[in-house]
Amino acid sequence: MKENEPSLTEQARFRREKLEEIRAMGMDPYPHEFETDHHADDILSKTDLLEGSEEERPRVRLAGRIMTRRIMGKAAFFNLQDQSGTIQVYIRRDDVGTDIYNTLFKKYIDLGDIVGVSGFVFKTRTGETTVHAESFSLLTKTLRPLPVAKEVEDEEGNVTVFDAFADKELRYRQRYLDLIVNPHVRDVFVKRSQMIQEMRSFMTQKGYLEVETPILQPVYGGAAARPFETHHNTLDMKLYLRIANELYLKRLIIGGYEGVFEFAKDFRNEGMSRFHNPEFTQVELYVAYKDYNWMMSFVEQMIEHVVLKLHGTTKVTVGDNEIDFKAPWKRIPMLDSIKESTGVDLSGMDEEEMRQAARNLGVSVDNTMGKGKIIDEIFGEKVEHTLIQPTFITDYPIEMSPLAKKHRSKDGLVERFELMCNGKELCNSFTELNDPVDQRERLEEQARLRSEGDDEAMVVDEDFLRALEYGMPPTAGLGIGIDRLAMILTNQDSIRDVLFFPHMRPD
RNA sequence: GAAUCGGUAGCUCAGUCGGUAGAGCAACGGCCUUUUAAGCCGUGGGUCGAGAGUUCGAGCCUCUCCCGAUUCACCA
């Protein structure tokens, strides 16, 4: 036995000692492979595994972690958890031998260890489908105890969990443990993956090309946000982690592709909250010869399709709300939505009248704000949180949208929509600005705001402007917040619960 | 960035008035061949988030700091 290492807990020391004992038995505690042919859910669902006498039944091989154990002298039950779920295994000394049962299984195996078994399926006298092990082997010895919870299932199938591993800090910092002991957490991420997969195939089937564009950018653009900065040693230059990929996808439209999309990790050096993580995922899509009206129809079809695939219905329960994604969705111009919610008609007001209207509504505005900012402020304070069912808010003030094309009929507005859902923005989309002269003026206005201290104003991207001068066809663009959509479709109220590894301060 | 709440055994949590650090599960030693929060007998396990202060004495009181959760502010 080794000298106790004071930094280890008693339980961790015991496991290291067991590891040595297993090696002393001539066994490898970390073998190279183990062939399996079944998962837990296969065994629970396939009735043919129970046909005939025990000798006649097919043999199954499976592997996973030991999550609970009930030893009764010369026989024992344990629960084996794999990716698909959990199944009970029955093991007896008289089947697997004294070395394997008494020494390996009873003395040296711990909860959490990864093991492989083979045997036949039977039902216990209480009716539980169980694998009767004919062989048992250790596949990976664990050195730390798992935070295993106990579960009780009553006759209605309701599961009560005792002492669950619930500390959010530990769950986020050690997500692998969360995934092992909280199976419902695995389901959330499976749903997220399916959601992305359905969107991908939906867009691919339309003929759009999935692309990859730079994350390290010499000039950041495509959104209003502060970036993360980094440095390229060889070129000795500053680079930025992208805040959006919009301007690169537009370059590809200029290059002749008529539909491109990218699932993109974007990075914004701003606050964290249950709706914000410094790195987050958007899908952006650009389609040539289309406008924002077409895009509204596209996105409602795509999301309706995804919701149907994931839930089998267009209705999703989120917190206290039931959201119905059945298309078509309500479309309402921003000023009309403000009028609808507050009774105040801002159209036709000058800047000073608007400022007064905002104050009358209890929305704080200051004298540096222009009309666009005031409208945005009123909308954000008074309307946004009331929009629970999917709703397209259209026709935004031009000041807030330097990359969107001017509205074809409404002065001072652009052809832009945001999709609101469960009181939050889910999508952002425009008829893209493709007039290079107008675009230059708008970006130069951004540069002016920037020089006045607005550190979220956009930077002039000369290479992008040059590309636009070669001609971008009329184009509709779309961005969807993947994390927020995942939150809605999995009924999670924090972005951290749909990110495997949410950003945390170092501990 | 602000406010509130929290950090005690591997996990979930108690800890009274400032007076030897507690429980359940997990672990360790036994018994037990259809159990399922298995059961029965026995045992060990603690830098009480970190540091300083007050005190004869601090898990508890005071101060500073660290980490987290929630809400608010900015943002998608």
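Proteins get letters first, then strands, A, B, ... in listed order; numbering begins at 1 in each. These figures come from a predicted structure and were not determined experimentally.
The side chain of A/R70 places an N or O atom within less than 4.0 Å of a non-bridging phosphate oxygen (OP1 or OP2) of B/A38. Dashed line: the shortest gap from a side-chain N or O of A/R505 to OP1 or OP2 of B/G68 is under 4.0 Å. Within the 4.0 Å cut-off from OP1 or OP2 of B/G6, not a single side-chain nitrogen or oxygen of A/K168 is found. Contact annotation: A/R13 side-chain N/O to B/C28 OP1/OP2 distance is not under 4.0 Å. An OP1 or OP2 oxygen of B/G68 is reached within less than 4.0 angstrom by a side-chain nitrogen or oxygen of A/R173. Checking the phosphate oxygens (OP1, OP2) of B/U35, a side-chain nitrogen or oxygen of A/R125 falls inside 4.0 Å.
Distance noted for atom C1' between B/G1 and B/A73: 8 Å (whole Å). Remark: the separation of the P atoms in B/A14 and B/U8 is 11 Å, to the nearest Å. Rounded to whole Å, the separation between the C1' atoms of B/C61 and B/G44 comes to 34 Å. One P atom belongs to B/G46, the other to B/C41, and the distance between them is 25 Å to the nearest Å. Taking atom P on both nucleotides, B/C13 is separated from B/U43 by 28 Å, rounded to a whole Å. Of the P atoms belonging to B/A23 and B/C65, the separation is 37 Å, rounded to the nearest Å. Taking the C1' atom of each, B/A50 and B/U20 are spaced 25 Å apart, rounded to whole Å. One C1' atom belongs to B/U4, the other to B/C40, and the distance between them is 48 Å to the nearest Å.
Counting any heavy atom pair closer than 4.0 Å across all strands shown, A/R226 reaches no nucleic acid atom. At the heavy-atom level, A/Q282 lies nowhere under 4.0 Å from the strands shown. A/N277 comes within 4.0 angstrom of a nucleotide base, judged by non-hydrogen atoms across all strands. Within the 4.0 angstrom heavy-atom criterion, no nucleotide atom of any strand lies near A/L426. No contact: A/N79 has no heavy atom under 4.0 Å from any strand. A/Q11 comes within 4.0 angstrom of a nucleotide base, judged by non-hydrogen atoms across all strands. Here A/I71 lies in heavy-atom contact (under 4.0 Å) with a base. Contact annotation for A/A166: backbone-only contact, meaning every heavy-atom pair under 4.0 Å involves sugar-phosphate atoms and none involves a base. A/Y90 comes within 4.0 angstrom of a base, heavy atoms only. Base engagement by A/R268 is indicated by at least one non-hydrogen atom pair under 4.0 Å involving a base atom. Heavy atoms of A/R496 sit under 4.0 angstrom from primed sugar atoms or phosphate atoms, though from no base atom. Among the heavy atoms of the strands lying under 4.0 Å from A/Y172 are primed sugar atoms or P, OP1, OP2 only; no base atom is included. Residue contacts shown for A/F165 are limited to sugar-phosphate atoms, with no base heavy atom under 4.0 Å away.
If you measure from atom CZ of A/F77 to atom P of B/A38, you get 12 Å, rounded to the nearest angstrom. The distance between atom CD of A/E270 and atom P of B/C74, rounded to the nearest whole Å, is 12 Å. Going from atom CD of A/E169 over to atom C1' of B/U12 covers 16 Å, rounded to whole Å. Following rounding to the nearest Å, A/D167 (CG) and B/C11 (P) show an atom-to-atom distance of 9 Å. Rounded to an integer number of Å, the gap from A/I66 CD1 to B/A27 P is 11 Å. The distance between atom CE of A/M67 and atom P of B/C11, rounded to the nearest whole Å, is 15 Å. In this structure, the CG atom of A/D493 is 8 Å from the P atom of B/U70, given to the nearest Å. Distance A/M272 CE to B/C67 P: 11 Å, rounded to the nearest Å.
When ring centroids are compared, A/Y240 and A/F267 stay outside the 6.0 Å threshold. Under the 6.0 Å cut-off for aromatic ring centres, A/Y292 and A/F430 do not qualify, their centroids lying 6.0 Å or more apart.
Nucleotide B/C63: paired with B/G51 (Watson-Crick or G-U wobble, both distances less than 3.5 Å). Of all nucleotides present, only B/G10 satisfies the Watson-Crick or G-U wobble test against B/C25, with each distance under 3.5 Å. The partner of B/U16 cannot be assigned: no Watson-Crick or G-U wobble pair with both contacts below 3.5 Å exists in any strand. B/C31 is paired with B/G39 under the Watson-Crick or G-U wobble criterion, all donor-acceptor distances under 3.5 Å. Figure legend. B/G68 is base-paired to B/C5; pairs are counted as Watson-Crick or G-U wobble with both atom distances under 3.5 Å. Under the Watson-Crick or G-U wobble criterion, with both distances below 3.5 Å, B/G45 is left unpaired in every strand shown.
Ion pairing between A/R69 and A/D110 fails under the 4.0 Å rule for side-chain N and carboxylate O. We find that A/E415 and A/K405 are not joined by a salt bridge, their nearest charged nitrogen and carboxylate oxygen being 4.0 Å or further apart. Between A/R23 and A/E20 a salt bridge is recorded (basic side-chain N to carboxylate O distance below 4.0 Å).
Counting only heavy atoms from C-beta on, A/F122 has its side chain closest to B/U34 among B/A27, B/C74, B/U34. Comparing B/U71, B/C32, B/A73 against the side chain of A/R274 picks out B/U71 as the nearest.
Between A/T68 and A/F267, the residue anchored nearer the 5' end of RNA chain B, judged by the nucleotide with its closest heavy atom, is A/T68. Nearest-nucleotide assignment on RNA chain B puts the 5′-proximal partner with A/D110, out of A/D376 and A/D110.
By the stacking rule of 5.5 Å between ring centres and under 30° between planes, A/F275 does not stack on the base of B/A76.
Put simply, the side chain of A/E128 and the base of B/U34 share no donor and acceptor less than 3.5 Å apart.
Looking at A/R355, its side chain never comes within 3.5 Å of a backbone N or O of A/G370 through a donor-acceptor pair. At least one donor-acceptor pair under 3.5 Å links the side chain of A/S84 to the backbone N or O of A/A40.
Relative to the six-membered ring of A/F275, A/K424 meets both conditions, a distance below 6.0 Å and an angle of at most 45° to the axis. Annotation: cation-pi geometry satisfied between A/R416 and A/Y396 (NZ/CZ under 6.0 angstrom from ring centroid, within 45° of ring axis).
Ring-plane geometry between A/Y101 and A/F105 is classed as parallel, the angle between the planes falling under 30 degrees on a 0 to 90 degree scale with a further cut at 60.
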